[in-house]
Amino acid sequence: MQETEQAVDFKVAAQLGLNKDEFDKICSVLGRVPNFTEVSVYSVMWSEHCSYKNSIKYLKTLPRDGGRLLVAAGEENAGLIDIGDGIACAFKIESHNHPSAIEPYQGAATGVGGIHRDIFTMGARPIAALNSLRFGDPNVPHMRHLIKGVVSGIGDYGNCLGVPTVGGEVYFDPCYQQNILVNAMSVGIVKIGETISACADGPGNPVFIVGSATGRDGIHGATFASADLTENSAEDLPAVQVGDPFQEKLLLEATLEIIKTGAVVGMQDMGAAGITCSTSEMSAKSGTGMIINLDLVPTRQQNMHAWEILLSESQERMLVVVKKGREKEIEAIFDKWDLECARIGEVTDSGRLEYFRHGTKVADVPAFSLVLGGGAPVYDREYTRPAYMDDIKAFTAPAVADAELITIAKKIIGSPNIASKRWVYEQYDHTVRTGNTNTNDPSDATIVRLKNSDKSLAVTVDCNSSYVHADPYTGAMIAVSEAARNIRCSGGLPLGVTNCLNFGNPYNPEVYYQFVHAIKGMGDACRKYGTPVTGGNVSFYNQSVLKDRTEPVFPTPTIGMVGLVEKKEHATTLSFKQEGNLILLLGVLPKNAHSSVYVREVLGQRLTPCPEFNLEQEYALHEVMTQLITNGLISSAHDISEGGLFTTLTESAMAGALGYDVSIPADTAKDVFLFSESQGRVVISVHKEKLTMAEALLAKQAIPLVRLGSVADTVMKIDGQDYGTVADWRMIYQNALSNILEQ
């Protein structure tokens with residue numbers, strides 16, 4: 001049966017998301033007007049989600065090599081860092097925002113599945129998963145529905161796949177009320193030299209599609225992710241993929257097994273844009289082409305059109321290029337794992353992608369013209385300083401009476417942004433399969449032990465979008481710095497960064513200003529810490545177009561960072577260990593409480609300046625933390641971030657079931673001292689016998705310090721005032737969010 005295609009003109013192209021210049025460029029590249037299948041192919045490959053056309057110019061300014069990086073950013077499906085002993089760590093973070101806002105369970109689940117495939121496609125076995133989640137008001141029933149769906153999707157997929165979810169962050173803010181963010185990160189391990197590239201070398205080599213059959217789910221998902229959410233977005237539900245974690249488990253094991261045969265030339269996950277993306281990117285990377293017979297693609301539905309097969313984003317599928325003559329080895333392995341394995345074409349030397357259906361060539365396009373860095377368009381949008389920054393500049397903090405401090409502290413500890421996220425993480429199996437994750441005693445970064453090694457990985461995801469909204473440049477530097485600080489406080493050395501850049505519509509000049517300046521801040525911080533950006537994901541169009549207004553989310557450049565803990569004894573936790581240990585505050589004393597939970601949520605002032613931050617002071621603190629830990633001088637370390645010093649002290653107290661007795665320095669505003677989120681500060685506890693050596697080291701490095709007090713029994717005291725027992729505060733902390741979500 002030969003397919004009949006509708007005639008194509010700019011009106012058709014515009015319906016698929018292409019502008020006039022882009023349509024004209026396609027006509028120029030092809031030397032003719034494209035047919036419907038071809039214009040559909042270009043529409044997804046030139047969408048923002050696939051081409052990064054509005055971001056690539058600035059992404060290229062980030063530090064993308066150096067350090068222990070084994071492959072430069074963009075060269076492979078994920079970043080690859082040398083962690084010694086012939087082992088590399090593969091890691092990456094990506095978003096699945098729009099699908100999760102429409103169908104939270106499948107949207108989140110397939111986000112997890114997709115990011116893990118990026119890791120094991122390279123030959124690495126995923127050993128840990130993290131996530132960064134942003135929601136609106138959890139008191140609203142629809143938001144609770146989204147939260148429960150997202151958390152269930154993440155938990156069910158990861159638990160079934162056998163990859164432990166070991167860490168993450170959850171934030172709540174009104175800006176995410178219509179457009180939630182779901183960012184998923186995967187971390188894997190592979191022997192150096194045993195990775196597989198996403199290439200299509202060797203004309204004549206056969207091309208296989210393996211894994212699940214292809215259906216109509218996920219068609220134009222990349223286009224869906226490259227547009228604003230509207231009140232009618234639920235009509236785009238077919239663009240949301242459907243995941244099967246049990247199928248992915250089989251695919252993972254089969255994939256790692258075929259790599260060991262040496263018969264694989266190249267391999268790539270079929271994520272956004274499906275067959276179109278994998279065939280074009282692999283061919284373009286090798287300077288080759290492919291002939292693909294779409295009749296040979298296993299399908300779940302009958303009578304699928306060529307463009308549907310090409311653009312389907314059905315999950316748990318890979319494209320594999322095999323060495324000619326070794327096809328049966330690959331087929332036998334996939335047969336053993338009861339997975340589809342169909343030879344659908346071969347590599348050519350033409351540089352073109354030629355797709356056939358029912359004996360007819362339905363598309364013929366140059367592979368290089370489709371991809372990022374090739375023929376895809378590149379834009380530099382206009383940007384202007386957001387008008388709301390004038391209100392931020394005019395902010396003045398109101399005075400607060402000391403008598404209100406305990407009341408304020410309870411509100412902060414009970415805030416959904418501070419309170420325990422146990423309702424979330426208890427649905428994740430953090431010990432599944434590997435059994436090597438240290439979660440018994442919490443630390444600022446998650447520590448993942450490496451089997452048969454004295455080393456561990458320290459992994460974290462961080463971003464406070466309120467800071468970035470207040471000052472995109474400084475806020476992005478803080479996001480990188482907090483990630484690095486968490487790793488240092490946990491005994492690790494930061495090695496590399498992956499990012500998930502969540503912003504509003506890039507055609508909005510104020511949004512683009514946020515993006516450009518956040519990239520600059522991120523780049524400056526990464527260069528300072530020696531953490532190259534290995535790759536990641538840009539997610540624009542995170543804003544909701546309602547009847548009377550447009551609402552962009554706060555700029556949210558989520559930082560995923562991986563570090564290395566060289567020795568097990570260097571792993572440092574945040575819990576107070578022993579009554580009588582001295583508690584020290586490291587870093588410059590705060591002058592204000594800008595952008596803190598205290599100011600934003602308790603005082604109700606959302607438009608406030610960014611917290612105090614100094615990159616040089618921050619770096620010096622990081623360096624001295626490593627020296628303190630490697631010299632065995634401290635018992636615990638916990639950085640000051642959301643909630644301020646009071647939250648830091650109380651979290652260390654709850655983790656160790658011990659209290660504290662501390663004093664506030666004279667001539668200091670007590671509310672600022674307790675609740676400020678000024679950066680570059682860490683609380684450490686030190687045994688009395690090691691205090692002199694610790695203070696000498698800090699003095700030598702010119703790190704400011706304050707002796708706050710000491711670890712106590714079960715009571716928390718500040719300036720002699722009894723704040724209650726650790727158990728009292730644990731009750732508030734553990735139940736505040738759970739009570740809301742269990743409604």
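This one's a predicted model, so the numbers in the text were calculated from it and none came from an experiment.
- In plain terms, the two heavy atoms of Ala129 and Val163 that are nearest each other are N-CG1, 4.1 Å.
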(request) Go through the steps to decide whether Leu585 and Leu705 satisfy the test side chain to side chain contact (heavy atoms under 4.5 Å, CB included), and finish with yes or no. (result) CA-CA 5 Å; Leu585 168 62; Leu705 71 90; over 6 Å; no
(message) Determine whether Tyr529 and Ser481 satisfy the following criterion, side-chain hydrogen bond (donor to acceptor under 3.5 Å, both in side chains), listing intermediate values before the conclusion.
(response) CA-CA 8 Å; Tyr529 302 129; Ser481 298; 2.6 Å; yes
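- Between Asp462 and Arg485 there is no salt bridge, since none of the side-chain N atoms of the basic residue sits less than 4.0 Å from a carboxylate O of the acidic one.
- Residues Val662 and Leu649 meet the side-chain proximity criterion, which asks for heavy atoms closer than 4.5 Å.
- No donor-acceptor distance shorter than 3.5 angstrom exists from the side chain of Ser490 to the backbone of Gly492, with no hydrogens or angles considered.
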(request) Start with the C-alpha gap between Ile406 and Ile718, add the side-chain angles, then the distance that decides, and say whether side chain to side chain contact (heavy atoms under 4.5 Å, CB included) holds. (result) CA-CA 10 Å; Ile406 294 180; Ile718 300 175; over 6 Å; no
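- Using a 4.5 Å heavy-atom cutoff, the side chains of Cys89 and Leu457 are in contact.
- Contact check on Glu618 versus Lys528 returns no salt bridge, with no Lys/Arg side-chain nitrogen under 4.0 Å from an Asp/Glu carboxylate oxygen.
- No side-chain heavy atom of Val468 sits less than 4.5 Å from a side-chain heavy atom of Tyr473.
- A donor-acceptor pair is defined here as one N or O able to donate and one able to accept, closer than 3.5 Å; such a pair exists between the side chain of Asn502 and the backbone of Cys500.
- Separation of atoms CD (Gln617) and CD (Glu612) is listed at 9.5 Å; rounding is to 0.5 Å.
- Between atom CG of residue Asp661 and atom OG of residue Ser710 there is a gap of 5.5 Å, rounded to the nearest 0.5 Å.
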(message) Determine whether Thr556 and Thr558 satisfy the following criterion, side-chain hydrogen bond (donor to acceptor under 3.5 Å, both in side chains), listing intermediate values before the conclusion.
(response) CA-CA 6 Å; Thr556 311; Thr558 304; over 6 Å; no
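- Scanning both residues, Arg527 and Asp524, for their nearest heavy atoms gives NH2-OD1, 3.1 Å.
- A heavy-atom distance below 4.5 Å is not found between the side chains of Asn537 and Ile93.
- Residues Thr407 and Lys411 meet the side-chain proximity criterion, which asks for heavy atoms closer than 4.5 Å.
- Side chain of Ser420 to backbone of Arg422: a donor-acceptor contact under 3.5 angstrom is found.
- Ion pairing between a basic and an acidic side chain is recognised when a charged N comes within 4.0 Å of a carboxylate O; Glu623 and Arg488 show such pairing.
- Applying the ring-ring contact (aromatic ring centres under 6.0 Å, His included) test to residues at least two apart or on different chains, the pairs with a partner in residues 442-469 are Tyr388-His469, His469-Phe554.
- Going from atom NZ of Lys421 over to atom CG of Leu133 covers 10.5 Å, rounded to the nearest 0.5 Å.
- Between the side chain of Thr608 and the backbone N or O of Ser595, at least one donor-acceptor pair lies under 3.5 Å.
- Thr61 places a side-chain N or O within 3.5 Å of a backbone atom of Tyr58 that can act as its donor or acceptor partner.
- Here the CG atom belonging to Leu621 is positioned 9.0 Å from the CG atom belonging to Leu628, to the nearest 0.5 angstrom.
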(message) Checking Cys489 against Val682 for the side chain to side chain contact (heavy atoms under 4.5 Å, CB included) test, could you report, in this order, the C-alpha distance in whole Å, the side-chain angles of both residues, the deciding distance, and whether it holds?
(response) CA-CA 8 Å; Cys489 287; Val682 172; 3.7 Å; yes
(request) Verify side-chain hydrogen bond (donor to acceptor under 3.5 Å, both in side chains) between Tyr171 and Ser132, making sure each step is shown before the conclusion. (result) CA-CA 8 Å; Tyr171 283 91; Ser132 175; over 6 Å; no
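- Residues Ala476 and Ala518 come closest through the heavy atom pair CB-O, 3.2 Å.
- Side-chain N or O atoms of Ser186 include none that pairs as donor or acceptor with a backbone N or O of Pro126 at under 3.5 Å.
- Heavy atoms only, all atoms of each residue included: Asp65 and Pro532 are closest at O-CB, 3.6 Å.
- Closest approach of Pro557 and Met522 over heavy atoms only: CB-CE, 3.9 Å.
- Under a cut-off of 6.0 angstrom, the local environment of NZ in Lys717 is sparse, with at most 12 non-hydrogen atoms contributed by other residues, nucleotides or ligands.
- Taking the six-membered ring for Trp and the full ring otherwise, Phe515 and Phe503 have centroids separated by under 6.0 Å.
- The closest side-chain heavy-atom distance from Ile559 to Val461 is not below 4.5 Å.
- Annotation: side chain of Ile418 is in contact with side chain of Glu642 (closest heavy-atom distance under 4.5 Å).
- In this structure, a donor-acceptor pair under 3.5 Å is present between the side chains of Thr725 and Asp728.
- Asp671 places no side-chain N or O within donor-acceptor distance of the main-chain N or O of Phe673, the cut-off being under 3.5 Å.
- Side-chain contact of Ser596 with Glu677: a donor-acceptor pair under 3.5 Å is absent, judged by distance alone.
- Side-chain contact annotation: Tyr660 with Thr650, donor-acceptor N/O pair under 3.5 Å present.
- Residue Asp82 is tested with Leu69, Ile192, Ile87, Leu495 for a side-chain contact (heavy atoms from CB on, under 4.5 Å); the sole match is Ile192.
- At least one donor-acceptor pair closer than 3.5 Å links the side chain of Thr498 to the backbone N or O of Gly535.
- Counting non-hydrogen atoms of other residues, nucleotides and ligands closer than 6.0 Å to CZ of Arg730 gives a total above 12.
- Minimum heavy-atom separation, Leu574 to Ser652: O-OG, 2.7 Å.
- Residues Leu741 and Pro138 meet the side-chain proximity criterion, which asks for heavy atoms closer than 4.5 Å.
- Within the structure, ring-ring contact (aromatic ring centres under 6.0 Å, His included) contacts touching residues 556-600 (residues at least two apart or in different chains) are Phe395-His594, Tyr598-Phe675.
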(request) Dump the intermediate steps for salt bridge (charged side-chain N to carboxylate O under 4.0 Å, His left out) on Glu169 and Arg134, then the final yes or no. (result) CA-CA 8 Å; Glu169 57 181 5; Arg134 316 281 162 148; 2.6 Å; yes
(request) Please assess Leu62 against Leu59 for the test side chain to side chain contact (heavy atoms under 4.5 Å, CB included), listing each intermediate value before the final yes or no. (result) CA-CA 6 Å; Leu62 295 170; Leu59 295 179; 4.3 Å; yes
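- Between Asp173 and Arg606 there is a salt bridge, since at least one side-chain N of the basic residue sits less than 4.0 Å from a carboxylate O of the acidic one.
- A donor-acceptor distance shorter than 3.5 angstrom exists from the side chain of Asp444 to the backbone of Asp639, with no hydrogens or angles considered.
- Residues that satisfy the ring-ring contact (aromatic ring centres under 6.0 Å, His included) test with Trp729, not counting sequence neighbours, are Phe646.
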(message) Run Lys577 and Ser575 through side-chain hydrogen bond (donor to acceptor under 3.5 Å, both in side chains) and show every step you take.
(response) CA-CA 6 Å; Lys577 303 297 189 302; Ser575 57; 3.3 Å; yes
